[in-house]
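Okay, structure first, notes after.
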Amino acid sequence: MRFRIALSFSLGALAVLALLALTGNGGLIPFVGAEDGEEADWSPTKPYPRQNVYYPGTEELKPDEMRVTACGTGMPMPRLKQAAASFLIELGNGDKFIFAMGTGCMERLYALGIPLDFIDKVFLTHLHMDHMGDLPAFYIYGPQNNRSVPLRVWGPGGGGTRPEWGTKAAMDHMLKTWAWMTGTLAGTIDTRSFVLEVTEYDWSKVNGVVYEENGVVIRSIPAIHMEQSASFILEWNGMKLAFSGDTLPNKWWIEHTKGVDFSIHECIFTPDLAMEKWGFSKAEALNAVTTVHANPSFFGKVMAMTRPKHAVAYHFQNDADTLPIVMDAVKALYDGPVDYAQDFMVWNITKDGVRTRMAVPNREMYPTPSLREKKVDKSNPYQTPDSVLAGWPEELNGITNEIYREFNEEHGTNFKFQLKK
Ligand SMILES: [Zn+2]
Ligand SMILES: [Zn+2]
C-alpha cells in the first residue's frame, strides 16, 4: 500500500484519480500495519494511523511490558547531543527505576514529563561523575518541582573498599554540600523530598540482591572498572534486563547475562578514534579502551558469548563518522540485534520482542503537579537576618501592596506582604 502511495505521486494527477477510483472509499487509502495490527485509514483530518516515534505521556504501558528510555548515552566529555549515562526503566506494574544519573541527563529525564513522585528510585553502578553527576541537582530540585516523597538511592560500598569511598559517605557529603540551600528553604516550601534514603549494596557480591519489592528483583555482579563498580540485572515478569554500567568484559557478566531479554553494555571508541576525537596520546588511548572500558571488539565478543535477545551499545559519541567504525568492529564478532544508543532512544520490551523508536521529548516542559497536598513545615522556619532585610527600599512598598491587593481580590484571600516572617 505504501508503494501505491509513492507511485501515485510519481505518475501525477491522472494516476491519483485512477487510484482513488480503485480504493473506492472517498480518497482514503487503507493502510495495513497500524500499531494494533488492524487496518486503519489515512485521513487528511484525523490522526495518522501510524506513528514511528514515541511521544512521552501518550502511551499506556501494558501490564506485561517494560519501557526503557535512554536519558544519557554519552561520555564524560559534555555535548548537547548526548548526556552522560542514564537509562529510565519503566515497568507495567507501575515501578520506575533510574539506572545511573550522569551529567546532563536530568533535563532529558524531565523532558519526559513524569511526576517526580513516580521516579524516586536511583541505582548507581559506580560513583564516576558520568554516572552520578546529576544526582545532586536531581535531589536538590525536588521541592521546586513538586516531589513530595523521599529520594531513594542504591549505590556500591563495602567489599573491602575504603568506607569513605562508599555511597553512604558520598551522599553524606552531598547533604553537607547543600546545607545552606536546604537550611534556608525551611519553612518556605514543601521540603519533604529532602529526605534521602541511601542503601549501600556490597558491590563485590556475585548475584547479591540489591532490591526486591513488588515482584521486581535487582541483583548486582562485580564489574572490572577500578574497584567498587558493579553491573545490574533486573528481573521482572519473567524478563531480564542487564545494565553493565562501566566494565571490561568479565566472567560474571558472561555467566549471568546469557540470553537475557535486554542487554545494555558499554561500548567505547576504538583506540584510533580515542586518539583522533579525544586528543588522547597513543598510550592513553590504548589504556582507556582496553584496561578501563570495553572497546567495540570487546563489546562484540561479549555479546557473541552471551547472545542476548536484544543488545544496546552505549558510552560513545555516536556520530555519522564514528558509528560505522564502531559497528564494523562489533559486526566482525557478533551478528545479533544491536542498537547503537542515542539520547531519547526508547525500547518497548515484552516476551515477544523489542520495539526500538526515538522519543520526541517536550523541549518546553514545566513541572508536573504534586501528587500529594503540599505541606510546609513551619515549626522551625528560616529567617533572613535583619541586616540583609535593611536593604529593602521602602519605595517598593506601594507597588508590592498593590500586587497583594489585586491578588487577594482575585483569589478571595487575605495575604499581607511581610519580609519578616
Ligand atoms: Zn566509570
Ligand atoms: Zn562511564
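Quantities reported herein were computed from a predicted structural model and do not represent experimental measurements. When a ligand or atom number is given, it counts from 1 through the structure's own listing order.
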Proximal heteroatom of [X] relative to the Zn ion (ligand 1) (N/O/S):
X	value
D246	OD2
H128	ND1
H225	NE2

Quickly, which of F243, F123, F344 forms a ring pair (Phe, Tyr, Trp, His ring centres under 6.0 Å) with F87? Name it, please.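 The passing option is F243.
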
If you look at D130, which of its N/O/S atoms is nearest to the Zn ion (ligand 2)?
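Nearest N/O/S atom of D130: OD2.
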
Should W236 and V217 count as side-chain neighbours, where that means a heavy-atom distance under 4.5 Å?
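Counting from C-beta outward, W236 and V217 never come under 4.5 Å.
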
Quiz item: For residues T103 and D134, is any side-chain donor paired with an opposing acceptor at under 3.5 Å?
Solution: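 No donor-acceptor contact under 3.5 Å links the two side chains.
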
No-hydrogen, no-angle side-chain donor-acceptor test under 3.5 Å, D261 and H310:
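Not at all, the side chains of D261 and H310 share no donor-acceptor pair under 3.5 Å.
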
Using 2.8 Å as the threshold, say whether any N, O or S atom from [X] sits that close to the Zn ion (ligand 2).
X	result
E266	no
H126	no
H315	yes

Problem - Charged tip of R147 within 45° of F138 ring normal and under 6.0 Å - result: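 Verdict for F138: a cation-pi partner in R147.
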
Margin query: Around atom CG of L396, are there more than 12 heavy atoms from other residues, nucleotides or ligands closer than 6.0 Å?
Written below: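 Counting neighbours around CG of L396, more than 12 heavy atoms of other residues, nucleotides or ligands fall under 6.0 Å, so yes.
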
